Amino acid sequence: MNLESIKTIINTVLQNRGKQEVESISESTELRDDVGFDSLDLAELTVRIEAEFDVDVFEDGIVNTVGDILAKLK
Amino acid sequence: MNSLFFFDSSNNKKYFWQELIDQIHDSKEFNPFCKSDDYFEVFKQIVISILLEEKITLLDSDFSHEEIFKLTGLEDYKSLQKGIDKTKLKHISTKSDLIRELKNCSDQWEITLYTSGTTGLPKSVTHKFQSFTRYVKISESNSNNVWGFAYNPTHMAGLQVFFQALMNGNSIIRLFELPNDIILSNIQEFNITHISATPTFYRLLDLKTKTFPSVLRIISGGEKIDLNKIRELNKAFINAEIRNVYASTEAGTLFASQGDQFSIRNELKNFVKLVENELHIHKSLLGQSGFLSDEWYASGDLVEIINQDPLVFKFLSRKNEMINVAGYKVNPNEVEEVIREINGVNEVSVFAKKNSVIGNIICCEIVKGSEELTEADIRKYLQSKLQEFKLPRIIKFVSQIKTTRTGKLKRK
């Protein structure tokens with residue numbers, strides 16, 4: 001699991017929505033404030049992460065940053 | 001006293017009650033169809049419609065031209081604009097004048113909104129002032145309430161909050177579709193006392209171990225809320241009572257519960273019944289809708305009875321196919337119909353998958369008839385035809401959609 005694969009998933013969601021893709025992300029990137037995700041985007045993100053890594057990152061509480069996702073996938 | 005009527009941090013605009021009144025007097029034209037992404041504009045148009053005793057229809061700000069045509073049959077609703085008879089507004093110069101006039105709302109006034117129909121297109125539901133404000137509680141003790149506004153202003157839940165605040169002369173602070181930090185700072189800065197929102201809104205609210213002592217009431221409705229979240233809300237909103245409400249576009253708010261068990265108030269006892277565990281609501285509690293001819297309306301909500309008399313129950317699931325996405329109802333048939341319009345789509349099935357963020361997420365499977373059709377083509381087409389929350393987020397191409405024995409498409 002690395003930043004690059006999270007970035008790919010984030011960009012798939014952004015692309016699907018017709019939004020500008022992100023060029024780089026870090027652990028501190030905020031999904032809502034920096035990436036611009038709304039609740040529907042976050043929902044799609046969790047489905048795509050779950051399909052790939054078999055973990056529902058939102059299951060037990062809120063996920064704000066890319067670092068939060070990485071922590072759940074460990 | 002010039003008190004705050006509405007604050008919108010998305011455009012940083014503050015409107016005082018006096019400004020609302022001044023703007024009402026300055027309005028020269030009125031359109032019976034209201035479509036705006038500016039919340040204040042929607043609120044103002046509703047107030048003007050009541051004062052003028054004119055019917056008003058609310059359109060979601062993200063309805064496409066095509067959707068509006070399908071719903072209303074109108075090519076150009078903007079042309080319905082007409083001049084305002086100012087004599088009806090002349091008695092209003094203060095907030096209390098305005099509220100008094102609103103209370104005297106004529107029986108002619110009607111408000112129409114759209115909700116997902118159970119077959120195909122959304123349907124219109126029309127309410128009179130009386131049925132609309134049945135649950136508005138006006139009292140001196142409510143006069144200093146400050147409402148956090150966390151719904152779409154053109155939907156039933158948002159309108160109920162709006163009327164509750166309006167009729168009590170309260171302040172309304174927008175919280176919907178704003179960054180988390182702004183939501184939190186708005187609650188603190190304006191000393192918000194009441195928040196009404198969907199479980200999705202609360203799920204995505206990061207409370208950052210802060211506490212918000214000004215909040216006295218948290219209302220959740222539209223979907224099931226999880227007990228973990230309730231516990232977390234209790235910690236942050238230390239002085240708040242947490243209420244769960246059952247409401248529908250057809251009936252407005254009907255029942256409230258403190259956990260997940262709902263009971264029926266005595267005065268409503270004879271207007272609600274259960275038929276094979278499905279909640280039925282008497283038509284006298286509902287707004288007018290074209291398709292409603294029976295005396296009882298089958299809500300489609302299946303319940304588990306906890307106690308027979310007095311009736312106490314829990315909501316279990318939906319009987320019909322409607323999908324609840326973050327509190328918005330989506331009809332999979334409507335989405336399928338639009339997807340079928342796309343060239344190169346042979347078959348389609350739209351279904352829900354459970355989701356920890358928004359309750360359910362819309363997915364679809366498509367059998368293509370043309371190799372050239374791409375996922376991007378489909379998304380592009382749908383974006384211009386359907387509201388955002390109705391769009392399938394996960395699209396899969398399959399070689400075959402499994403049908404049930406009766407030949408109907410199977411919902412997963």
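Chain identifiers are assigned alphabetically (A, B, ...) following the order of the sequence lines, protein sequences preceding nucleic acid strands; residue numbering begins at 1 within each chain. It should be emphasised that the depicted structure is a prediction, and the values quoted were computed from it without experimental measurement.
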Check whether any side-chain N or O of R32(A) sits under 3.5 Å from a backbone N or O of L204(B) as a donor-acceptor pair, and report yes or no. yes

So for R48(A), is it side chain, backbone, both, or neither that comes closer than 4.5 Å to the heavy atoms of chain B? side chain

With only heavy atoms counted, which part of D206(B) is less than 4.5 Å from chain A, the side chain, the backbone, both or neither? both

So, taking the atom named NZ in K208(B) and the one named CG in N64(A), what distance separates them when rounded to the nearest 0.5 Å? 6.0 Å

Interatomic spacing from CG in L31(A) to CG in N180(B) - rounded to 0.5 Å: 12.0 Å

Quick check for you: to the nearest 0.5 Å, what is the distance between I62(A) atom CD1 and K229(B) atom NZ? 6.0 Å

What option among V325(B), V357(B), L205(B) has the most heavy-atom pairs under 4.5 Å with chain A? V357(B)

Quick one: which of V13(A), N16(A), V47(A) gives a side-chain contact (heavy atoms from CB on, under 4.5 Å) with R393(B)? V13(A)

Of A51(A), G61(A), A43(A), the largest count of non-hydrogen pairs under 4.5 angstrom with chain B goes to A43(A)

More than 12 heavy atoms of other groups within 6.0 Å of Q20(A) CD: no

Atom CD of E341(B): over 12 foreign heavy atoms under 6.0 Å: yes

Under a 4.5 Å heavy-atom cut-off, does chain B meet the side chain of D33(A), its backbone, both or neither? side chain

I'd like to know which of L45(A), D38(A), D41(A) tops the heavy-atom pair count under 4.5 Å against chain B. D41(A)

Please indicate whether K19(A) has more than 12 foreign heavy atoms, meaning atoms of other residues, nucleotides or ligands, lying under 6.0 Å from its NZ. yes

For L391(B), is it the side chain, the backbone, both or neither that has a heavy atom under 4.5 Å from a heavy atom of chain A? neither

Rounded at 0.5 Å granularity, tell me how far CD in E375(B) sits from OG1 in T12(A). 9.0 Å

Atom CZ in R379(B), atom CD in Q15(A): separation rounded to 0.5 Å? 9.5 Å

So how far is it from I394(B) CD1 to E44(A) CD, rounded to the nearest 0.5 Å? 5.0 Å

Between I358(B), D181(B), T200(B), who has the most heavy-atom pairs with chain A when the cutoff is under 4.5 Å? I358(B)

If one checks every heavy atom of T46(A) against chain B at 4.5 Å, the contacting part turns out to be side chain

N11(B), CG: over 12 other non-hydrogen atoms inside 6.0 angstrom: yes

